[in-house]
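As the structure is a prediction and not an experimental result, all values here were calculated from the model. Throughout, a chain's letter reflects where its sequence line sits, starting with A, and its residues are numbered from 1.
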Number of protein chains: 2
Amino acid sequence: MTRKIPQSTVRRLSHYLRSLEGFEGSGGTISSEELAARGQTTAAQVRKDLSHFGSFGKRGLGYQVDELRARLRQILGIDRSWRVGLVGAGRIGLALFDYPAFQARGYDCVAIFDADPAKIGEAWGEQTVRSPDVFEEVLRELDVELVILAIPASAAQEMAERAVEAGVKGILNFAPIRLNVPPKVPVQDVNLVMELEALSFAISQAERNA
Amino acid sequence: MTRKIPQSTVRRLSHYLRSLEGFEGSGGTISSEELAARGQTTAAQVRKDLSHFGSFGKRGLGYQVDELRARLRQILGIDRSWRVGLVGAGRIGLALFDYPAFQARGYDCVAIFDADPAKIGEAWGEQTVRSPDVFEEVLRELDVELVILAIPASAAQEMAERAVEAGVKGILNFAPIRLNVPPKVPVQDVNLVMELEALSFAISQAERNA
DNA sequence: TGTTGTGAAGTATTTCACAGCC
DNA sequence: GGCTGTGAAATACTTCACAACA
């Protein structure tokens, strides 16, 4: 167990969980066929994905929804809450801070940092924007486990290193660069320009083939 | 040529282009080896990726930076500008609207829509937030080719259908649902909750294996 | 009976390795 | 001599198909 799980599988697990969110009542069961229909995949794929983590379906019946939901949460590591530090109080930072789905999933933003003196001291909900001068200190004090870097590329590498130094366990990176951090600290990149480029590529391809 | 190109290749092409952005002067050349070092991949992968679109390197020398940059832009479909409609004037919409990298890459936001009466009429830069009542009409009038859906899941399917109806060529979708649109209209999904879940999964795995 | 869990088969993607060319 | 472009080999991922079993 716990061999290397491909990123594609992880994304599907997240889909499965979301599919179950709007599921009727509780106590019901769902088959791999139904689950596949709600995602964008096949029944065999669903079963294979789940089988990597044990076998918690009942043959002839399917998966019990409550249990499946709980197992998926556990697998994805969201059967607990995460203490998050937000680095960068710009537009993207604000959007994330306000994103209701985050709190709902147990991601608690416990500190906000920005280098802009004009922003330091600003109140955001119950938080106050802090100076990067106290970065490591605050991360340690508040036991921050996960940081979101919503800052320009030029500052991202430095803040990533300082975050790792302060004992952070993972980084969600919006800056369009590859962070160089020790392999024990996972980095998840979100690159909005890349997404748009993938889209314009797909459109261009469609036009060429038309 | 133009067989099916995997998504992974497209993402790498985007990386290669970004790597070249900060390249010294012009007139230089770069080898697949150097390009690979800047991305997160191998020299063979770089050559294979590029070879899908023709052969524009020089054996013994490498790739001419200016030419490669131009070819990559062309391949990705950003050697032109795109007329973009933004649907949803919330935090995420605002963050995207203000994202400097977008204009820089030729994505021009030419219209903004929001269903909230309080927001309709608000001025955003040179744009004014419009009512969805005039959605199709405005998209057609302004020749919008690409829409960004930054609205809740409950409204996304409807707006996607209306956008397709109005002749839009592609959709960047921030709503956490699978849009059901004709295959000729590519959809690129960005799911922030999924990214965070992928991160917490990676951390949990790292801890399990430790 | 109906549906899971899983080896085996089939595809897709990546890496290797080297001929071909600058 | 050095580096690309590309078939062939290796690896990774998905789908098939069926035994196991509630």
Side-chain angles (χ1 to χ4, degrees), chain A residues 1-16 19-20 23 27-72 75 198 201-202 205, chain B residues 1-16 19-20 23 27-72 75 198 201-202 205:
Chain A
M1 206 154 145
T2 48
R3 35 207 147 160
K4 222 189 94 235
I5 305 294
Q7 186 78 356
S8 51
T9 296
V10 179
R11 302 181 88 87
R12 284 191 302 264
L13 293 176
S14 179
H15 266 303
Y16 303 153
S19 301
L20 294 178
F23 202 78
T29 78
I30 191 169
S31 67
S32 55
E33 197 71 60
E34 291 174 272
L35 220 27
R38 288 152 190 262
Q40 191 76 160
T41 182
T42 66
Q45 184 72 76
V46 171
R47 296 200 298 276
K48 187 70 95 183
D49 286 341
L50 296 176
S51 76
H52 290 136
F53 303 94
S55 51
F56 33 93
K58 297 261 181 297
R59 294 174 196 234
L61 284 173
Y63 301 88
Q64 191 165 357
V65 173
D66 288 345
E67 193 200 334
L68 181 55
R69 199 160 19 210
R71 297 294 265 115
L72 285 171
I75 293 166
F201 173 81
Q205 282 293 92
Chain B
M1 204 154 147
T2 47
R3 35 209 146 158
K4 220 187 97 236
I5 305 295
Q7 186 78 356
S8 50
T9 295
V10 178
R11 301 180 89 85
R12 284 192 302 264
L13 293 176
S14 180
H15 266 302
Y16 303 152
S19 301
L20 295 178
F23 202 77
T29 76
I30 191 169
S31 68
S32 55
E33 197 70 59
E34 291 173 272
L35 219 27
R38 287 153 192 261
Q40 191 77 159
T41 184
T42 65
Q45 184 74 76
V46 172
R47 295 200 299 275
K48 185 71 94 181
D49 286 342
L50 296 176
S51 75
H52 290 136
F53 303 96
S55 51
F56 34 94
K58 297 263 180 296
R59 294 173 196 234
L61 284 173
Y63 301 88
Q64 190 166 358
V65 173
D66 288 345
E67 193 199 334
L68 182 55
R69 201 164 12 215
R71 298 293 265 116
L72 285 171
I75 292 165
F201 173 80
Q205 282 292 94

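- A residue-by-residue look at K58(A) and T9(A) shows that T9(A) has its nearest nucleotide of DNA chain D further toward the 5' end.
- Taking atom CG of residue L61(A) and atom P of nucleotide dG5(C), one finds them 11 Å apart after rounding to whole Å.
- Between the side chain of S19(B) and the backbone N or O of H15(B) there is at least one donor-acceptor pair closer than 3.5 Å.
- The backbone N or O of F56(A) lies less than 3.5 Å from no partner atom in the side chain of R71(A), so there is not a single donor-acceptor pair.
- For the pair L68(A) CG and dT4(C) P, the computed distance is 11 Å after rounding to whole Å.
- Atom P of nucleotide dT13(C) and atom CG of L13(B) are separated by 14 Å, given to the nearest angstrom.
- Within 4.0 Å of T41(A), counting heavy atoms only, lies no atom of the nucleic acid at all.
- Within the 4.0 Å cut-off from OP1 or OP2 of dG5(C), at least one side-chain nitrogen or oxygen of Y63(A) is found.
- For the pair A198(A) and Q7(B), the tightest heavy-atom approach, listed with the atom from each and the gap, is CB-NE2, 4.0 Å.
- In this structure, CZ of F56(B) is placed 19 Å from P of dC21(C), rounded to the nearest angstrom.
- In this model, the phosphate group of dC13(D) is not approached by any side-chain N or O of Q45(A) to a distance below 4.0 Å at OP1 or OP2.
- Across all their heavy atoms, R69(B) and L20(B) have their closest contact at NH1-O, 2.9 Å.
- Contact annotation: S8(B) side-chain N/O to dT13(C) OP1/OP2 distance is not under 4.0 Å.
- Considering every non-hydrogen atom in both E34(B) and T29(B), the closest pair reads OE1-O, 4.4 Å.
- Taking both residues in full, the closest heavy atoms of Y16(B) and D49(B) are given as OH-OD2, 2.7 Å, listed atom of the first, atom of the second, then distance.
- Across all their heavy atoms, I75(A) and F201(B) have their closest contact at O-CD1, 3.1 Å.
- Going from atom CG of L35(B) over to atom P of dG5(D) covers 12 Å, rounded to whole Å.
- The distance from atom CZ of F53(B) to atom P of dG5(D) is 13 Å, rounded to the nearest whole Å.
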Open item on the list: I need a per-nucleotide contact map over nucleotides 6-12 of chain D, read 5' to 3'. Cutoff is protein heavy atoms under 4.0 Å; write B for the base, S for backbone only, - otherwise.
Closed with: BBB----

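- When rounded to the nearest whole Å, the span between CD of E67(B) and P of dT4(D) equals 13 Å.
- Note on T42(A): a side-chain N or O is less than 4.0 Å away from OP1 or OP2 of dT15(D).
- Per the geometry, CG belonging to D49(B) stands 11 Å off P belonging to dT13(C), to the nearest Å.
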